[in-house]
Amino acid sequence: MESQYHPRELEPRIQRQWAATKAFAAPDSSPKPKYYCVSMLPYPSGKLHMGHVRNYTINDALYHFMRMKGFNALMPMGWDAFGLPAENAAMANKVAPAKWTRDNIAYMKKQCQAMGWAIDWSREVSTCSPDYYRWNQWFFLRLWEKGVVYKKSGVVNWDPVDMTVLANEQVVDGRGWRTGAVVEKREIPMWYMRITDYADELLDSLGGLGWPEQVKQMQRNWIGRSEGVEFTLPYDAETARRMADGKKGLKVFTTRADTIMGITFAAVAPEHPLATEAATGNPALAAFIEECRKGGVQEAEIATMEKKGMPTGLFVLHPFSADKVEVWVGNYVLMGYGEGAVMAVPGHDERDFAFARKYGLPIRQVIDVDGQPYSLDAWQPWYEMPGRNVNSGSYDGLAQAAAIGAVAKDLEAKGLGTTRVQYRLRDWGISRQRYWGTPIPVVQCAKCGDVAVPDAELPVKLPEDLVPDGSGSPLKKTPSFYETKCPKCGGAAKRDTDTMDTFVDSSWYYMRYASANAATMVDERAQYWMPMDQYIGGIEHAILHLLYARFWTKAMRDLGLIAIDEPFTNLLTQGMVLNHIFSRRTGKGGIEYFAPEELDIVLDAEGKVAGATLKAGGASVDYDGIGTMSKSKRNGVDPQDMIERYGADTARFYVMQASPPTDTVLWSDESVEGSFKFLRRFWTLVHGHVAGGIVARYSAGEITTALTELRFKLHKTIEKVADDYGRRMQFNTAIAAVRELLNLYTAAEDKSPVARAVAQEVLEDAVLLLSPIVPHIATALWSELRPGTDLLDQPWPAVDAAALVQDQVELVVQVNGKLRGHIRVPASANREHIEALALKDEAVQRFVNGQTPKKVVVVPGRLVNVVV
RNA sequence: GCCGGGAUGGCGGAAUUGGUAGACGCACGGGACUCAAAAUCCCGCGGUGGCAACACCAUGGGGGUUCGAUUCCCCCUCCCGGCACCA
């Protein structure tokens, strides 16, 4: 055996062995139970970063652990290869997105292989491959036939200088990131999927999932099911005349129908037909509506902007009192939500209250909360709480639920409204005015309208040689792509030049891994592997990706493609790996990011970042705080240096020992050296033992107290590490436990034959325990400890129950809850015995100081607390 | 603004079901080995007081429940993630 640990020689050799024996290829059927564990597929941004390393090492450790536990385990990998960054890179470097993406994939795949992850590469999926995206198109058409896909208009960010639609990410402080122009809202036709049809099921089936409670809660809140009342505020005569839309009035929805007598005005979105009508002949209002078009569509921006409004001069009638209620235009009312109109009850809604105060509108109290004071001067939290009606005519005295019921009944009697369920969830708009994505398989014919591309003509292939220039999709400028014939009438027609949201790609790739190269979207192999046993990915995907994938799975089920209700049985949400972010405003008002390695960073006395300057040129840049490692912010850290300097095992060990997988971490590589030193020490320990000749591991016989303690520790550690891997998925504590074991092993000086047998047992098992995290060094050490056998064939070590039996246990002794000493008691001691021993303790007597204990709390196996 | 999460020594973190706060590491200090260095090994390492034994304080801040709170409840501060076109 080599006396020194040389990972750079050892790791590639072992990786070649794995590749040669197809060590990680998983069969699609097996007598063993299956274990399907998948990491959210990476976007091929160029290089791996530490977030990826963390994600795939967790996945890999679980793969190895479950394989040792006797499962037919599978860990696949793929590439989320469509998306915006490829277009940005294309603009910056004048290279086609296809080439850029494929080069990145090739490089990142090499990095994955150098990390030694147990990936079954025969199942690799690239979402930009026509073999994959044709099924996006095929499935889209099936959903269209079923009515789950439909077309309507939607609002997007519009850059008036580049004349292009911007992603939310490309809007910085309301301006286009390249042009600095103030962004506007613009309505365009788009394709939608009726995810709201599945809202109830998506909500109800969350309960049975082995997901973190916080993620389930976020999804519940996102779906946002609420029961309320939808009703019409009838137009007054003048408004009815002006609108002439055949409707009786303005439709609104509320969850607070009990406050209906407090309505003092109504508000509509700037795009609402009533606003449009009111603006004719009202230049001030028209100007205000125009003003509301400025700014992007992001909810965070809309929710934090100043609430502004203007009266329309049009009126509706209160459904009960028939009082005239003025309709206002409000910049905070969104056309895309519900009806684009709301009733306003400033007395009991904080936003309405602020709006009414600002514009001098009346505020009326109609709810009393336990007699708490009500004044118009300042908003109080209890104004919004449930209470009893006052100033509400026949509803006075009713509690909230009764009042809502009575109001709904009266509205129904008048034919003005009814109770219904409302969701916060909106249908999924999948059209993108971009190039690098799945083409939408629809032909627009002047005569026949939107016509499906026939299945036989799929896939509609995306041309791969176009280079976007920032002014709209290049597909729109490529007649060879869009010029076609109508499949129905044969006349000249135009393809839809929009592509699909990349969340479509990531909604079902994990089923395609399981049906590698199938001639259909998925086949029976997907049924074998699905539902996935463990899904692992960043917490940032808690809502969108995970909700779309759940919806997609249910839609596939309803088309008979797969017989499961939910895709991901268990979920581990990894915390984000953060790093510092630096940027600079460009002359035009856009924004430009810099990687930390391009900068000289200045720290203040507390070690906080105080500023930074460019290494090249010395210009100072802005510090934007910390945030997730990402390509767009240019703050990712590539593991390559670490692999080259210390090896993949050190990189893997380091990220796993640093923190629990669910914790958010600020990146630092200060202590990588310590991880490398540990692996070197581990190597040296095994080498020291093997140099004296390997022996049979300890099985039975008389041993010293010290060796008994070592074996107790070993078997406790096996138990703990299995629990940490399998149940807790907390790898840092598993590593700490093995370190403790090896510290105790090192402290033993015994070189007798029986001690060497125990040493063999400890070292063999320690190698097995760490092998899921550091498989290369473990493979090498195992072959030294057990020549002729392969680590990958070994089962998880067995716990020797006999080694865990203890005669005596140590208990903590407290007086009034404060630690005062320790006592050793026989493991079989009863409560009275323990109590007596504790009271006899010298430190206890000192603190009890002659007083009679009021109470003695005994927690078996843990502590005694004497209360005086 | 709304939804979800987090805050523990100089640093990463541990304490799994309300039961010893600081496991295991990193950094640092001291020592051994060495001509020297590296590597390795040993010792120390939350704060205050004390020669020491030991005592008191301490888990972002404030309050509460409990024999006992890092853990449960209420209020607050700051940070992170998401908010539907980054993925």
Side-chain angles (χ1 to χ4, degrees), chain A residues 40-43 45 80 83-85 88 154 156-157 165-171 212-215 217-218 220-222 224 296-305 332 336 351 424-429 431-434 501-503 506 538-545 547-548 573 575-576 578 607 625-628 630-633 657-660 662-666 668 670-675 677-678 680-681 684 720 723-724 727-728 730 732-733 735-740 743 746 810-819 821-822 854-857 859 862-863 865-868:
Chain A
M40 291 178 188
L41 86 178
Y43 179 80
S45 55
D80 193 10
L84 197 53
N88 294 333
V156 294
N157 303 305
V165 176
L166 295 180
N168 283 338
E169 188 188 51
Q170 299 171 313
V171 179
E213 200 46 52
Q214 80 193 71
V215 175
Q217 193 56 44
M218 281 190 264
R220 278 186 204 108
N221 294 342
W222 184 262
V297 300
Q298 298 172 73
E299 180 176 312
E301 186 188 331
I302 291 163
T304 50
M305 73 189 177
Y332 60 93
R351 194 178 57 186
R424 208 188 75 94
L425 180 68
R426 309 197 302 259
D427 277 340
W428 177 13
S431 295
R432 298 290 179 269
Q433 297 68 47
R434 290 188 218 302
D501 181 4
T502 55
F503 277 123
S506 54
I539 183 68
E540 77 274 22
H541 295 296
I543 296 174
L544 294 179
H545 161 60
L547 195 64
Y548 292 140
T573 46
M576 311 276 28
L578 311 177
I626 55 177
T628 311
S630 76
K631 177 78 182 170
S632 62
K633 302 269 164 69
Q657 64 97 47
S659 55
T662 51
D663 278 18
T664 299
V665 293
L666 177 57
S668 155
E670 263 177 31
S671 58
V672 177
E673 186 78 23
S675 295
K677 282 181 185 173
F678 171 79
R680 190 162 57 189
R681 178 171 154 243
T684 307
K720 173 168 176 57
D723 187 49
D724 279 349
R727 180 181 64 89
R728 298 215 299 159
Q730 190 164 297
N732 57 326
T733 47
I735 288 172
V738 178
R739 279 184 185 264
E740 281 185 58
N743 289 346
T746 311
E810 192 178 70
L811 297 185
V812 164
V813 183
Q814 299 179 331
V815 178
N816 291 335
K818 286 202 169 198
L819 174 70
H822 300 264
K854 265 194 252 172
K855 185 170 162 186
V856 180
V857 181
V859 183
R862 281 207 184 263
L863 61 67
N865 185 16
V866 180
V867 186
V868 293

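Letters go in sequence order (proteins before strands), and every chain restarts at 1. Everything quoted here is computed from the prediction, not taken from an experiment.
Taking atom CD of A/Q214 as the reference point, atom P of B/G4 lies 10 Å away to the nearest angstrom. Rounded to an integer number of Å, the gap from CZ of A/R681 to P of B/C41 is 7 Å. Note: CD (A/E213) to P (B/G6) measures 13 Å, nearest angstrom. Between the NZ atom of A/K677 and the C1' atom of B/A38 there is a distance of 10 Å, given to the nearest Å. A/Q657 places its CD atom 17 Å from the P atom of B/C11, with the value rounded to the nearest Å. Rounded to an integer number of Å, the gap from CG of A/D663 to P of B/G13 is 6 Å. Put simply, OH on A/Y332 is 16 Å from P on B/C2, counting in whole angstrom units. If you measure from atom CZ of A/R680 to atom C1' of B/U40, you get 9 Å, rounded to the nearest angstrom.
Using a 4.0 Å heavy-atom distance criterion, A/R728 is classed as a base contact. Using a 4.0 Å heavy-atom criterion, one finds that A/F678 contacts no nucleic acid atom at all. Heavy atoms of A/T304 sit under 4.0 angstrom from at least one base atom. Among the protein residues, A/V215 comes within range of no part of the nucleic acid, since none of its heavy atoms lies under 4.0 Å from any strand. Within the nucleic acid shown, A/H822 comes within 4.0 Å of at least one base atom, counting heavy atoms only. Nucleic acid contact for A/K818: sugar-phosphate only, since backbone atoms but no base atoms lie under 4.0 Å from a heavy atom of the residue. The residue A/D723 sits close to a base: some heavy atom pair falls under 4.0 Å. Among the heavy atoms of the strands, none lies under 4.0 Å from A/P42. Residue-level contact check: A/Q433 touches the bases, meaning some heavy atom is under 4.0 Å from a base atom.
When distances are taken from the side chain of A/E740 to each of B/A87, B/A23, B/G12, the shortest belongs to B/A23. The A/V859 side chain lies nearest to B/G19 when the options are B/G19, B/C24, B/A14. Considering only side-chain atoms of A/L84, the nucleotide from B/G13, B/A87, B/C26 that sits closest is B/A87.
For A/R424, the CZ atom is densely surrounded, since the number of other residues' heavy atoms within 6.0 Å is greater than 12. Heavy atoms from other residues, nucleotides or ligands lying under 6.0 Å from CD of A/E213 number more than 12.
Rounded to the nearest 0.5 angstrom, A/Q298 CD and A/N157 CG are separated by 6.5 Å. The CD1 atom of A/I302 lies 9.0 Å from the OG1 atom of A/T304; values are rounded to the nearest 0.5 Å. Atom-to-atom distance recorded for A/L84:CG and A/Q170:CD is 4.5 Å, nearest 0.5 angstrom. One distance of note links NZ of A/K677 with CD of A/E673; it measures 5.0 Å at 0.5 Å rounding. Atom CD of A/Q814 is separated from atom CG of A/L811 by 11.0 Å, given to the nearest 0.5 angstrom. Taking NZ of A/K633 as the reference point, atom CG of A/L578 lies at 11.5 Å (rounded to 0.5 Å).
Between the side chain of A/R727 and the base of B/U16, at least one donor-acceptor pair of N or O atoms lies under 3.5 Å.
The P atoms of B/C72 and B/U59 are separated by 15 Å, rounded to the nearest whole Å. Comparing B/G60 with B/A55, their P atoms sit 25 Å apart, to the nearest whole Å.
Within the structure, a side-chain polar atom (N or O) of A/T502 is placed less than 4.0 Å from OP1 or OP2 of B/A87. Put simply, A/N221 has no side-chain N or O that comes within less than 4.0 Å of OP1 or OP2 on B/C2.
There is a side-chain donor-acceptor pair under 3.5 Å between A/E169 and A/S632. With hydrogens and angles left out, the side-chain atoms of A/D80 and A/S506 include no donor and acceptor closer than 3.5 Å.
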Treat primed atoms plus P, OP1 and OP2 as sugar-phosphate and everything else as base, then score nucleotides 62-84 of chain B 5' to 3': B for base contact with protein heavy atoms under 4.0 Å, S for sugar-phosphate contact only, - for none.
-> -----BS-----------SBSBB
What pattern of brackets, bars and dots sums up RNA chain B from 5' to 3', given Watson-Crick or G-U wobble pairs under 3.5 Å, [ ] for crossing pairs and | for another strand?
-> (((((((..(((......[....))).(((((.......))))).((((....))))..(((((..]....))))))))))))....
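Under the 90° criterion around 0 for the glycosidic angle, B/G50 counts as anti.
Note on ring orientation: taking the six-membered ring where Trp is involved, the planes of A/W428 and A/Y548 are parallel (angle under 30°, cut-offs 30° and 60°).
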